[in-house]
2 protein chains.
Amino acid sequence: MTSDQLSSTFAALADPTRRAILARLTSGEASVTQLAEPFEMSMPAISKHLKVLERTGLIARGHEAQWRPCRLKAGPLKDVADWAAQYRRFWAESFERLDDYLRDVQKKGKKYGHGKHHGKQRARIGAHPRV
Amino acid sequence: MTSDQLSSTFAALADPTRRAILARLTSGEASVTQLAEPFEMSMPAISKHLKVLERTGLIARGHEAQWRPCRLKAGPLKDVADWAAQYRRFWAESFERLDDYLRDVQKKGKKYGHGKHHGKQRARIGAHPRV
DNA sequence: GATGTATTTAACCTGTGGGTTAAGTACGGT
DNA sequence: ACCGTACTTAACCCACAGGTTAAATACATC
C-alpha cells in the first residue's frame, strides 16, 4: 500500500456522490442507470464518478450485453480503516487527559528551539504512524 | 456528523503532506517551522496545509509569542474509522465467497429491468451504510 | 437494417486546490 | 529604536476535478 494509493482512495471518498454509490452497492450489483437514478446529475457525470471508483479499485465492472454492472470492491477501505486505526489512541478520551499531562511535562523542558539549533524532538509514545 | 464534514475530512486526508504532518504531530506539539522542515516546500504552502487541517478540526493551534504551536485533534479520524468500519464485512475474505454465492442466486431472478419498469432492488444483507 | 436503450467519449466551462514569490504583521533580544 | 525570527496574507499561476451538452459506440429487438 503506497502513499499514493491511499491518497487516491481518500480523494475518491471525498465526494459524497461517490460515497453514496458505494453505499448503494452494498445491497448488490447495479447497472449505471440504476446507480444514476437517485441523483440529479447527467449520465456522463455518473460515468466519470464510476471511472474514478474503478481506478481506485473501489468497484469492479462487468460486461453483460449493453450493461456494465458495478460491484463493490472494499479492499481499499480496509487500508483506510487501518490507517485511521493508527490514531485510535489519540481520539480515545482517556488519552486526551494523558496527552495534556505529557504536554505539561514537556513544557518544563526546552521548547521549539530559538535560532538555528533546535534539537530534534523525540517520539513520546509508541511508534510513528505510516503516512 | 454531516456528510459535508466527512467530505472535508477525506479531502484533507487526500494530501500526503497533510497526512505526514498529522503523523509528525503524534509525537507532540510542534511549531510551524518544525513541521515545515521535512518538506521541500515554502512556508506559505505549509501554512495553507495547516489552515486546511485546522478548518477540518484535525489540529488545533496555540498562540505563544510568535509561535503558533499545532497539536493533533484526532476526533474526525474516528468518524473516518467508523465510516470505513461499515464496510468491514465487504473486505473480509469470507464475505467475498458469500457474495459470489448470493450474486449467483440473484442471477436466476430478474435483472436490471428492461425498459421503464425495473423493480426496486432489495437490500440483501444488513442495513444501509451511512454516506 | 432501422430503432431504441445503455453507456462512453469528446469538447468545453468553471471553480478550486496546491504551489509560488513578495510583502505585511507580530514578537523578542540587544 | 532596530534587527532577526516566526508566521500569515495577498496576488498570482497552473493543473485538475466535477459538471455540462452533443456525438459516438455497442448491443437487442422488430
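Computation of the quantities below employed the complete heavy-atom set of this structure, encompassing side-chain atoms and omitting hydrogens, waters and symmetry-equivalent molecules. To find a chain, count down the sequence lines: A is the first, B the second, and so on, and within it residues start at 1.
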Rounded to whole angstroms, how far apart are [atom1] on [X] and [atom2] on [N]?
X	N	atom1	atom2	value
Ile46(B)	dT21(C)	CD1	P	14 Å
Lys48(B)	dT21(C)	NZ	P	12 Å
Met43(B)	dG18(C)	CE	C1'	16 Å
Phe39(A)	dG18(D)	CZ	C1'	14 Å
Met41(B)	dT8(D)	CE	P	15 Å
Phe10(A)	dG17(C)	CZ	P	18 Å
Gln34(B)	dT5(D)	CD	P	16 Å
Glu64(B)	dT5(D)	CD	C1'	16 Å

Check the phosphate of [N] against [X], side-chain N and O only, distance under 4.0 Å to OP1 or OP2. Yes or no?
X	N	value
His49(B)	dG19(C)	yes
Lys51(A)	dT9(C)	yes
Thr33(A)	dA6(C)	no
Arg68(A)	dA26(D)	no
Arg61(A)	dT7(C)	no
Ser47(A)	dT7(C)	no
Ser42(B)	dT20(C)	yes

Minimum-distance pair of heavy atoms, taken over all atoms of Arg130(A) and Gln86(A):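 Where Arg130(A) meets Gln86(A) most closely, the heavy atoms are N-NE2, 2.8 Å.
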
Residue mapping more 5' on DNA chain D - nearest nucleotide basis, Asp15(A) or His63(A):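 Counting from the 5' end, the first nearest nucleotide belongs to Asp15(A).
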
Nearest-nucleotide comparison on DNA chain D, the residue closer to the 5′ end among Gln66(A) and Leu50(B):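 Going by which nucleotide is closer to the 5' end, it is Leu50(B).
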
Touch class at under 4.0 angstrom, heavy-atom based, for Ala65(B) against every strand present: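 Sugar-phosphate contact only.
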
Asp15(B)/Arg19(B) salt bridge by N-O under 4.0 Å criterion: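 Asp15(B) and Arg19(B): not salt-bridged.
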
Check: Gln34(A) side chain, Ser31(A) main-chain N or O, donor-acceptor pair, under 3.5 Å: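 Yes, the answer is positive, given that a donor and an acceptor are paired below the 3.5 Å cut-off.
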
Side chains of Leu72(B) and Tyr87(A) in contact at under 4.5 Å (non-hydrogen atoms):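 Yes. Closest side-chain heavy atoms under 4.5 Å.
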
Plane angle bin for Trp83(A) and Phe10(A) - parallel if under 30°, tilted between 30 and 60°, otherwise perpendicular: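 Phe10(A) vs Trp83(A) ring planes: perpendicular.
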
Which residue lies more 5' along DNA chain C, comparing Arg55(B) with Ala45(B) via nearest heavy atoms: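 Result of the comparison: Arg55(B).
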
Closest to the Trp67(B) side chain, choosing from dA6(D), dG18(C), dT9(D):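 Closest nucleotide among those given: dA6(D).
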
